[in-house]
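Down below is the structure, laid out as structure tokens.
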Amino acid sequence: QVQLVESGGGLVQAGGSLRLSCAASGRTLRGYAMGWFRQAPGKERGVVATISWGGSSTYYADSVKGRFTISRDNAKNTVYLQMNSLKPEDTAVYYCASGRAPFVTAYIPDFGSWGQGTQVIVSS
């Protein structure tokens, strides 16, 4: 079973940037898609971005296209989410998750291992 630990969250002003990291242990991330998800207070958890096992394919929610970039370093067993031009509506707890298969997907049940999350707060 893989353990995932997110970091990099915090408080930032609108228009600012943050870089989230998700470090994995217990199992290699090679061969598995990875994803970032978020959950705001009172809302369901939703997909932000996902990436295939090799990084060649990605998926982004419409709300973050052009502002967020997902990437991975399989040698470091780490996945990243670069967030630029942040907006107050990006405020949420951000989670990373490991997929059950290598291919990119936006379907939450395709992800079986989850981190504890990191809080992102964007002030206006």
Side-chain angles (χ1 to χ4, degrees):
Q1 185 78 358
V2 64
Q3 288 79 46
L4 303 173
V5 178
E6 303 95 336
S7 62
L11 174 64
V12 64
Q13 288 189 332
S17 298
L18 284 174
R19 188 193 196 203
L20 305 184
S21 298
C22 173
S25 61
R27 189 202 75 196
T28 178
L29 294 183
R30 293 180 191 271
Y32 298 92
M34 294 294 295
W36 284 97
F37 304 81
R38 67 187 180 186
Q39 187 167 17
K43 295 187 176 181
E44 293 186 354
R45 189 173 300 187
V47 63
V48 176
T50 65
I51 188 167
S52 61
W53 76 273
S56 60
S57 297
T58 56
Y59 167 87
Y60 294 94
D62 288 343
S63 58
V64 306
K65 280 181 181 177
R67 300 188 298 123
F68 291 11
T69 302
I70 187 172
S71 62
R72 64 190 297 163
D73 185 336
N74 287 337
K76 294 183 178 180
N77 236 23
T78 302
V79 181
Y80 306 96
L81 184 69
Q82 178 66 43
M83 306 187 295
N84 298 328
S85 302
L86 282 160
K87 304 175 181 180
E89 50 264 43
D90 294 318
T91 294
V93 177
Y94 284 71
Y95 301 88
C96 74
S98 175
R100 305 179 194 272
F103 307 110
V104 70
T105 173
Y107 190 48
I108 289 180
D110 286 339
F111 293 83
S113 298
W114 294 79
Q116 293 300 306
T118 185
Q119 177 75 58
V120 171
I121 300 174
V122 184
S123 63
S124 57

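Heavy atoms only: backbone and side chains are in, while hydrogens, waters and symmetry mates are out.
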Open item on the list: Can you confirm whether V2 sits close enough to Y32 that some side-chain heavy atom of one is under 4.5 Å from a side-chain heavy atom of the other?
Closed with: no
Open item on the list: Please check: side-chain N/O of N74 versus main-chain N/O of W53, any donor-acceptor pairing under 3.5 Å?
Closed with: yes
Task: Single-linkage hydrophobic cluster, 4.5 Å side-chain cutoff, L86 and I121 together - done: no
TODO: Examine distances only and state if a side-chain atom of N77 and a backbone atom of R30 form a donor-acceptor pair shorter than 3.5 Å.
DONE: no
Open item on the list: Applying side chain to side chain contact (heavy atoms under 4.5 Å, CB included) to T105 and Y59, what does each step give before you reach the verdict?
Closed with: CA-CA 7 Å; T105 173; Y59 167 87; over 6 Å; no
Task: Short side-chain to backbone donor-acceptor contact, R72 and L29, under 3.5 Å - done: yes
Task: Polar side-chain atom of S52 near backbone of F103 as donor-acceptor pair, under 3.5 Å - done: no
Task: Member of Y107, Y95, W114, Y94 meeting the ring-ring contact (aromatic ring centres under 6.0 Å, His included) criterion with F37 - done: W114
Open item on the list: Are V47 and V79 connected into the same hydrophobic cluster when the rule is that any two of I, L, V, M, F, W, Y join if their side-chain heavy atoms are below 4.5 Å apart?
Closed with: no
Open item on the list: For a quick test of reading the model, state the closest non-hydrogen atom pair linking A14 to P88 and the distance between them.
Closed with: CB-CD, 4.1 Å
Open item on the list: Determine whether a donor-acceptor pair (N or O, by modelled atom type, separation under 3.5 Å) exists between the side chain of Q119 and the backbone of A92.
Closed with: yes
Open item on the list: Can you give me the closest heavy-atom contact between V104 and S57, atom names plus distance?
Closed with: CG1-CB, 3.9 Å
TODO: Test R38 against V120 for side chain to side chain contact (heavy atoms under 4.5 Å, CB included), laying out the working first.
DONE: CA-CA 9 Å; R38 67 187 180 186; V120 171; over 6 Å; no
TODO: Please report the shortest heavy-atom distance between Q3 and Q1, naming the atom on each side.
DONE: NE2-O, 2.9 Å
Task: Qualifying residue, where the test is side-chain contact (heavy atoms from CB on, under 4.5 Å) with Y80 and the options are D73, T69, I51, I70 - done: D73
Open item on the list: Quick one: does any side-chain atom of E6 pair with a main-chain N or O of Q116 as donor and acceptor, under 3.5 Å?
Closed with: yes
Open item on the list: Ignoring hydrogens, what is the shortest heavy-atom contact between L4 and S113? Give both atom names and the distance.
Closed with: CD1-O, 3.4 Å
Task: Heavy-atom closest pair, residues N84 and S17 - done: OD1-OG, 2.9 Å
TODO: Treating Ile, Leu, Val, Met, Phe, Trp and Tyr as nodes and any side-chain heavy-atom pair under 4.5 angstrom as an edge, say whether W36 and V122 lie in one connected cluster.
DONE: yes
Open item on the list: Whether K87 and D90 form a salt bridge (side-chain N of Lys/Arg under 4.0 Å from carboxylate O of Asp/Glu) is what I want to check.
Closed with: no
Task: For the student: nearest non-hydrogen atoms of S123 and L11, plus distance - done: CB-CD1, 4.3 Å
- [ ] Give the cluster check for Y60 versus M34: same hydrophobic cluster or not, with ILVMFWY residues linked at side-chain heavy-atom distances below 4.5 Å.
- [x] yes
Open item on the list: Would you say M83 ends up clustered with V64 if hydrophobic residues are merged whenever their side chains have heavy atoms under 4.5 Å apart, either directly or through other cluster members?
Closed with: yes
Task: Distance-only polar pair, side chains of R27 and S98, donor-acceptor under 3.5 Å - done: yes
